[in-house]
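Taking it in order: structure first as structure tokens, then the write-up.
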Protein chains: 2
Amino acid sequence: MTATTLHRPTHRDALALLEEAFGDGRMVTMFGRCTVEYDGRATSSLGPGDRLVVCKPDGTILVHTDEKRKPVNWQPPGCTHRASVRDGRLRVRSERSTPTERLDVRFERLEQVSAYEVTDRSDLRLTGSEEDLRERILDDPALVEEGFVPRATERETAAGPVDIFGEDAEGRPLVVELKRRRVGPSAAGQLRRYVEAVDAEFPGEGVRGILVAPSVTDRTKELLDEKGLSFVAAEPVAAEDGDRSEGDGE
Amino acid sequence: MTATTLHRPTHRDALALLEEAFGDGRMVTMFGRCTVEYDGRATSSLGPGDRLVVCKPDGTILVHTDEKRKPVNWQPPGCTHRASVRDGRLRVRSERSTPTERLDVRFERLEQVSAYEVTDRSDLRLTGSEEDLRERILDDPALVEEGFVPRATERETAAGPVDIFGEDAEGRPLVVELKRRRVGPSAAGQLRRYVEAVDAEFPGEGVRGILVAPSVTDRTKELLDEKGLSFVAAEPVAAEDGDRSEGDGE
DNA sequence: GCCTGGATGTCGTGA
DNA sequence: TCACGACGTCCAGGC
């Protein structure tokens, strides 16, 4: 892990560092007054302003202003970065094909350039996802309803894969759609399509559909009722029973 | 526009710069070996590794590895950043309420800290959006079909606002759903919901629905056909007729 | 504040 | 490669 930084570099010096860093897979940040042109899936133009530009060795480029979580401009992984000096400005160009996309950042003034070497990595562990909800229900199918017997996950249907497919206490086919958080009408439509597809496979068997999520919007509940579908409240992680006090320390 | 940088600072020096920068609204970057803990809408834990951390004055914080476009951890705008030294490590904590979310970044080694002052701004101009497609069609409704007469945009229905509502050459109500790029089955479902809602308003008038997009997937085309809906190919920006030669210069 | 739907969404997975 | 759906989606706009 090292960091190399140039403060108010000449374009020539900045160019040398950029080419070196792009070549040996270092991460780069630039800060300065620049314009940005993008052409690809859409087309955009960003007038002069102060921005932070991040270039990653996997081909990602991010242009950040001092607001918002999303970069104002970017390119996804897989792009090729090149730096050059044109008309007295330092230009960083990032391109890819399929789809054809190009991003040009032109600095009229560069306050700082840094190159960082990344050596240590470690993977993220995340809980609270839809997969956690699925595991929870497979552990305890009664969370959906008494007597529910899961038979398959991601079972293919004409309308796409069903999250959990099984039988209810009466032996009727049961389609379960999972959502990790509060849902809107689209989930009701999704479940309806699945139930119709499965119904076509098991005519006359009275296929049922249940949406499992922490909660649903009012409109969604109406839609479910109209279609003869059900909602069951469940969270991807078991709710805590006690409240925690949270101080500043550890 | 200024940049202040500390190379391999002591935690004490880094803390002083962070507090100063958080206080006067500067953007901050940090690079070093750190762990990250998040708890909020989900829960995650990231073991030690080299990362770039960006703190914005609007309360955004981003933790980037050397891969991917998305930060591995983050907080959205509106959070409060605080820095402190705990157990010999520099800790940056970012919190918000509604929902309650907390992010802790703990540096065991800090290679560099920088604070940037952002003064100049400029807004992004973007073309190729769904709104551009709408304007194109309102300019030339025959792009949808000969004789189409738009009557309203964002017209409210029981299923939500319809992109363009109008009449066909026969005077029948026509619902137009716009998508700026190639679409999947969800768009067919969305259009179907709109058409059903409008059909309930104009019983017996033979309400029609047309999906306008650059292209659709095969499955989506099937779904549209099943429901008696149509697809018309159109791009948000007029396609160029000639090919451009693209050199490296300007 | 909640709800809704677009996005240069990004990202993983499977065919 | 494309299609499809999840995501701590983010985000603007309405109410």
Side-chain angles (χ1 to χ4, degrees), chain A residues 36 38-44 60-63 67-79 94 96 98-103 124 126-134 154 156 159-163 177-187 190 193-194 215-220 236-237, chain B residues 38-44 60 62 67-78 96-103 124 126-134 154 156 159-163 177-187 190 193-194 215-220 236-237:
Chain A
V36 186
Y38 161 75
D39 193 26
R41 287 166 291 174
T43 301
S44 77
T60 303
I61 184 168
L62 309 169
V63 181
E67 291 181 331
K68 298 293 155 66
R69 207 211 69 137
K70 290 180 59 174
V72 63
N73 277 114
W74 71 91
Q75 287 281 53
C79 297
S94 176
R96 71 162 171 166
T98 63
T100 299
E101 288 189 297
R102 173 189 293 173
L103 185 73
L124 185 73
L126 185 132
T127 59
S129 63
E130 184 178 302
E131 186 179 346
D132 291 302
L133 180 55
R134 179 171 62 226
E154 301 299 319
E156 277 306 329
V162 164
D163 285 335
E177 172 64 23
L178 306 175
K179 293 293 171 190
R180 63 173 300 280
R181 62 169 199 173
R182 182 176 175 83
V183 295
S186 62
Q190 193 179 355
R193 289 198 304 276
Y194 291 147
S215 64
V216 296
T217 64
D218 293 348
R219 177 79 191 118
T220 306
V237 185
Chain B
Y38 161 75
D39 193 26
R41 285 167 291 176
T43 300
S44 75
T60 303
L62 309 169
E67 291 181 330
K68 298 292 153 68
R69 207 213 71 138
K70 291 179 59 173
V72 63
N73 278 114
W74 71 92
Q75 288 281 52
R96 69 161 172 168
S97 45
T98 61
T100 300
E101 290 188 297
R102 174 188 293 174
L103 185 73
L124 185 74
L126 186 134
T127 59
S129 63
E130 184 178 300
E131 186 179 346
D132 290 301
L133 179 56
R134 179 171 64 224
E154 302 298 322
E156 278 305 329
V162 165
D163 285 335
E177 171 64 22
L178 306 175
K179 293 294 170 190
R180 64 171 299 280
R181 65 167 198 174
R182 181 175 176 84
V183 294
S186 63
Q190 192 179 356
R193 289 198 304 277
Y194 291 148
S215 63
V216 296
T217 64
D218 293 348
R219 176 81 192 114
T220 305
V237 185

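We name chains A, B, ... by the order of the sequence lines, and we start the count at 1 in each one. Any value given below was found using the heavy atoms of this structure, including those in side chains, with hydrogens, waters and symmetry copies removed.
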Could you tell me the separation between the [atom1] atom of [X] and the [atom2] atom of [N], rounded to a whole number of Å?
X: Arg134(A); N: dT13(C); atom1: CZ; atom2: C1'; value: 12 Å
X: Arg182(A); N: dC2(C); atom1: CZ; atom2: C1'; value: 8 Å
X: Leu62(B); N: dT9(D); atom1: CG; atom2: P; value: 16 Å

[X] vs [Y] side-chain heavy atoms within contact, under 4.5 Å:
X: Asp39(A); Y: Glu101(A); answer: no
X: Glu67(B); Y: Pro77(A); answer: no
X: Thr43(A); Y: Val237(B); answer: no

If we take the [atom1] atom in both [N] and [M], what is their distance in whole Å?
N: dG6(C); M: dT10(C); atom1: C1'; value: 14 Å
N: dC11(C); M: dA7(C); atom1: C1'; value: 14 Å
N: dC4(D); M: dG8(D); atom1: P; value: 23 Å
N: dG5(C); M: dG9(C); atom1: C1'; value: 13 Å

Going 5' to 3' along nucleotides 4-9 of chain C, which nucleotides have protein heavy atoms under 4.0 Å from the base (write B), which only from the sugar-phosphate (write S), and which from neither (write -)? SSSSBS
Closest-nucleotide mapping onto DNA chain C: is Ser97(B) or Glu67(B) further toward the 5' terminus? I mean the 5' end. Ser97(B)
Is the backbone of Gly128(A) close enough, under 3.5 Å, to the side chain of Arg180(A) for a donor and an acceptor to pair up by distance?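 Yes; at least one donor-acceptor contact below 3.5 Å.
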Got a donor-acceptor contact below 3.5 angstrom from the Tyr194(B) side chain to the Pro161(B) backbone?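 At least one qualifying donor-acceptor pair exists.
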Describe the nucleic acid contact of Pro77(B) in one word from base, sugar-phosphate, nothing, applying a heavy-atom distance below 4.0 Å. sugar-phosphate
Before giving the answer on salt bridge (Lys or Arg N to Asp or Glu O under 4.0 Å), spell out for Glu177(A) and Arg193(A) the whole-Å C-alpha distance, their side-chain angles and the decisive distance to 0.1 Å. CA-CA 11 Å; Glu177(A) 172 64 23; Arg193(A) 289 198 304 276; over 6 Å; no
Salt bridge (charged side-chain N to carboxylate O under 4.0 Å, His left out) against Arg181(B), all qualifying residues, sequence neighbours excluded: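 Partners of Arg181(B) under the salt bridge (charged side-chain N to carboxylate O under 4.0 Å, His left out) test: none.
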Any donor-acceptor N or O pair under 3.5 Å, side chains Arg182(A), Ser215(A):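 Yes, a side-chain donor-acceptor pair sits under 3.5 Å.
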Distance from Glu131(B) atom CD to Leu178(B) atom CG, nearest 0.5 Å?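 Nearest 0.5 Å value for the CD-CG distance: 11.0 Å.
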Look for any protein N or O under 3.5 Å of an N or O in nucleotides 12-15 of chain D and output each such pair with its distance, or none.
unit_1: dA12(D); atom_1: OP1; unit_2: Lys68(A); atom_2: NZ; d: 3.1

